[in-house]
Chemist: 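Have a look at the structure that comes next, please.
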Amino acid sequence: MENNDDRKVLLGLSLDELRAIVHDLGMPAFTAGQMLKWLYQQHVTDIDEMTNISKANRERLKAYYVVGAMAPIDCQRSTDGTIKYLFPVRCQDTETDETETRHFVETVFIPDGDRATLCVSCQVGCKMNCLFCQTGKQGFEGHLTAADILNQIYALPERERLTNIVFMGQGEPMDNLNAVLRATEILTADYGYGWSPRRITVSSVGVKNKLQRFLDESECHVAISMHSPLPEQRRKLMPAEAQMSIADVVALLRQYDFSHQRRCSFEYICFGGLNDTPVFGREIVRLLQGLDCRVNLIRFHEIPGVDLPASDERRMEALRDYLTAHGVFTTIRASRGQDIFAACGLLSTARKSKI
């Protein structure tokens with residue numbers, strides 16, 4: 001159900017916020033708990049489906065609120081089983097705080113045996129403008145609300161199969177931190193989905209002040225986009241290096257304990273002859289020495305207008321083996337959904353957002 005009127009959205013609200021609504025509308029206090037179960041356990045799409053709430057109180061709610069769930073409007077299926085969904089979103093204007101539904105994001109469902117991961121988006125486009133990323137070429141069009149983020153899970157046809165969620169879709173999570181924290185709170189809270197935060201990984205290029213706040217306020221895993229251990233090269237690949245260097249990111253991470261269940265990882269796209277040679281292996285080891293972490297090597301997927309070479313399998317395996325032999329546990333991430341442009345760095349809704 002799309003919210004095209006002035007009514008507010010219930011999806012994404014916390015227990016305290018629902019209690020305030022119930023109080024303001026003169027409804028029994030226990031109604032807030034009933035609403036929570038309908039939203040986050042039963043996944044209703046309409047207030048009239050909340051059948052243990054009286055008809056009179058449902059009518060009161062409907063006068064001011066909608067559930068706010070919006071089904072995907074398109075999907076593409078890869079030969080490897082990956083599915084890419086297109087979701088309409090309530091893109092938020094940071095100046096007026098108004099929302100509109102003329103935008104879209106892509107969300108990727110990745111089944112893998114008894115595991116199923118959902119790659120969710122948090123922004124329409126992205127401000128970071130990383131050289132190798134198609135989303136960055138789209139430019140920035142707006143922040144997703146917490147409801148937008150949660151809806152990618154809420155309205156997912158394969159929702160019950162999910163084992164993990166990664167915030168690695170469109171956008172920089174730290175640049176929309178309030179909505180990301182609200183969404184992960186609801187996903188992990190007893191009143192919400194009740195997931196362990198260890199089932200959720202949030203990625204970042206490293207945003208000054210925001211990354212520290214995330215590490216302090218969340219227990220979810222963190223994944224840092226490194227892509228080069230050398231400051232000058234990383235700045236050319238990732239303009240965000242100028243605001244928070246990879247050295248500063250690692251120094252911050254050293255202040256936190258990743259020796260138990262919470263995990264710290266680094267994403268590293270391999271470019272042939274540019275960042276996959278032995279000298280880069282040595283620099284990565286030097287940079288990460290003593291930090292409890294892992295490195296995920298990622299294949300580069302070519303995008304139009306970007307002249308970067310992809311690393312070959314032999315080079316990637318050599319870099320993996322060198323890092324692992326020197327105490328940095330490293331894996332090569334399987335590339336999924338490339339034939340439907342769902343693989344790492346390929347998500348974009350630039351054309352669709354202009355419809």
Side-chain angles (χ1 to χ4, degrees), residues 72-76 78 82-92 94 102-110 117-145 148-149 151-152 165-177 179-180 183 201-207 210-211 223-228 234-241 243 267-271 296 298-308 310 333 335-355:
I73 62 170
D74 190 24
C75 77
Q76 294 175 271
S78 168
T82 300
I83 306 173
K84 182 171 71 173
Y85 287 102
L86 182 68
F87 280 97
V89 295
R90 289 165 284 265
C91 196
Q92 188 165 25
T94 54
R102 295 199 302 267
H103 297 279
F104 307 91
V105 292
E106 293 181 325
T107 306
V108 183
F109 174 74
I110 310 167
T117 301
L118 188 68
C119 181
V120 301
S121 296
C122 65
Q123 292 179 318
V124 180
C126 185
K127 298 177 186 176
M128 301 300 113
N129 198 27
C130 296
L131 178 62
F132 46 82
C133 181
Q134 187 66 44
T135 306
K137 307 306 174 194
Q138 177 176 341
F140 175 72
E141 297 181 43
H143 296 296
L144 269 62
T145 63
D148 288 326
I149 295 172
N151 185 66
Q152 296 167 69
I165 293 172
V166 294
F167 282 73
M168 297 182 181
Q170 294 176 249
E172 163 57 50
M174 301 304 138
D175 192 44
N176 190 17
L177 186 55
V180 168
T201 301
V202 180
S203 69
S204 179
V205 299
V207 177
K210 300 290 186 68
L211 179 58
I224 301 298
S225 297
M226 180 193 296
H227 311 308
S228 176
R234 188 172 187 261
R235 191 178 298 113
K236 292 177 181 178
L237 293 171
M238 307 170 64
E241 166 75 13
Q243 301 301 318
E267 311 295 290
Y268 195 92
I269 296 177
C270 291
F271 304 107
N296 297 314
I298 303 170
R299 295 168 180 81
F300 174 57
H301 304 104
E302 294 182 7
I303 63 174
V306 175
D307 186 22
L308 285 171
R333 179 182 292 166
S335 183
R336 301 288 301 274
Q338 188 171 357
D339 58 330
I340 57 170
F341 297 94
C344 182
L346 297 182
L347 299 186
S348 176
T349 52
R351 287 188 302 169
K352 301 180 184 70
S353 292
K354 292 178 173 59
I355 296 175

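Along the sequence shown, residues carry numbers from 1.
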Chemist: Might you work through the side-chain contact (heavy atoms from CB on, under 4.5 Å) test for M238 and M128, ending with a clear yes or no?
Modeler: CA-CA 7 Å; M238 307 170 64; M128 301 300 113; over 6 Å; no
Chemist: Applying side-chain contact (heavy atoms from CB on, under 4.5 Å), run through K137 and L131 and close with a yes or a no.
Modeler: CA-CA 8 Å; K137 307 306 174 194; L131 178 62; 4.0 Å; yes
Chemist: Does Q134 reach the side chain of P304, with side-chain heavy atoms less than 4.5 Å apart?
Modeler: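 The answer is yes; the side chains approach within 4.5 Å.
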Chemist: Any idea which heavy atoms bring N129 and G136 closest together, and the distance?
Modeler: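 Answer, listing the atom of N129 first, then G136: OD1-O, 3.6 Å.
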Chemist: Under 4.5 Å between any side-chain heavy atoms of L211 and I224, yes or no?
Modeler: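 In contact.
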Chemist: Would a 4.5 Å heavy-atom cut-off, applied to side chains only, mark V202 and M174 as touching?
Modeler: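 SC-SC contact between V202 and M174 confirmed.
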Chemist: Does Q152 use its side chain to pair, donor to acceptor, with the backbone of S121 at less than 3.5 Å?
Modeler: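 Yes.
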Chemist: Where do T107 and C119 come nearest, in terms of heavy atoms and distance?
Modeler: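 For T107 and C119, the tightest heavy-atom pair comes out as CG2-O, 3.4 Å.
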Chemist: Would you say the side chain of F104 lies within less than 4.5 Å of the side chain of I73, judging by non-hydrogen atoms?
Modeler: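 In contact.
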Chemist: Working to the nearest 0.5 Å, report the span between OH of Y268 and OG of S228.
Modeler: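 OG of S228 is found 5.5 Å from OH of Y268.
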Chemist: Return the minimal non-hydrogen interatomic distance between C122 and V180, and the atom names on each side.
Modeler: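 So the minimum-distance heavy-atom pair works out to CB-CG2, 4.0 Å.
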Chemist: Calculate, to the nearest 0.5 Å, the distance between atoms CD1 and CD belonging to I149 and Q123 respectively.
Modeler: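 That separation rounds to 9.0 Å.
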Chemist: Let me know which of V89, V120, V124 forms a side chain to side chain contact (heavy atoms under 4.5 Å, CB included) with D148.
Modeler: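 It is V89; the other options fail the test.
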Chemist: Look up atom NE2 in H143 and atom NZ in K127, then write down how far apart they are to the nearest 0.5 Å.
Modeler: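 Answer for the NE2-NZ pair, H143 versus K127, is 4.5 Å.
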Chemist: Drop me the distance from L118's CG to Y85's OH, to the nearest 0.5 angstrom.
Modeler: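 Nearest 0.5 Å value for the CG-OH distance: 9.5 Å.
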Chemist: So which of E267, E172, K210 actually passes side-chain hydrogen bond (donor to acceptor under 3.5 Å, both in side chains) with S204?
Modeler: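 Filter result, single survivor: E172.
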Chemist: Pair L237, F271 - check side-chain contact (heavy atoms from CB on, under 4.5 Å), show working.
Modeler: CA-CA 11 Å; L237 293 171; F271 304 107; 4.0 Å; yes
Chemist: Return the CD1 to CZ distance between I269 and F132, rounded to the nearest 0.5 Å.
Modeler: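 Output value for this atom pair is 4.5 Å.
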Chemist: Nearest 0.5 Å, please: how far is SG in C126 from CD in E141?
Modeler: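 So the CD of E141 and the SG of C126 are separated by 11.5 Å.
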Chemist: Please report the closest heavy-atom contact between Q170 and E106, naming both atoms and the distance.
Modeler: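 Distance-wise, the nearest heavy atoms are OE1-N, 2.8 Å.
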Chemist: Closest heavy-atom contact between T201 and A223?
Modeler: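 Closest approach of T201 to A223, heavy atoms only: CG2-CB, 3.8 Å.
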Chemist: For the side chain of R299 and the backbone of A310, is there at least one donor-acceptor N/O pair under 3.5 Å apart?
Modeler: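 The answer is no, because no donor-acceptor pair under 3.5 Å joins these two groups.
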Chemist: Ignoring hydrogens, what is the shortest heavy-atom contact between H301 and S335? Give both atom names and the distance.
Modeler: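 Closest approach of H301 to S335, heavy atoms only: NE2-OG, 2.6 Å.
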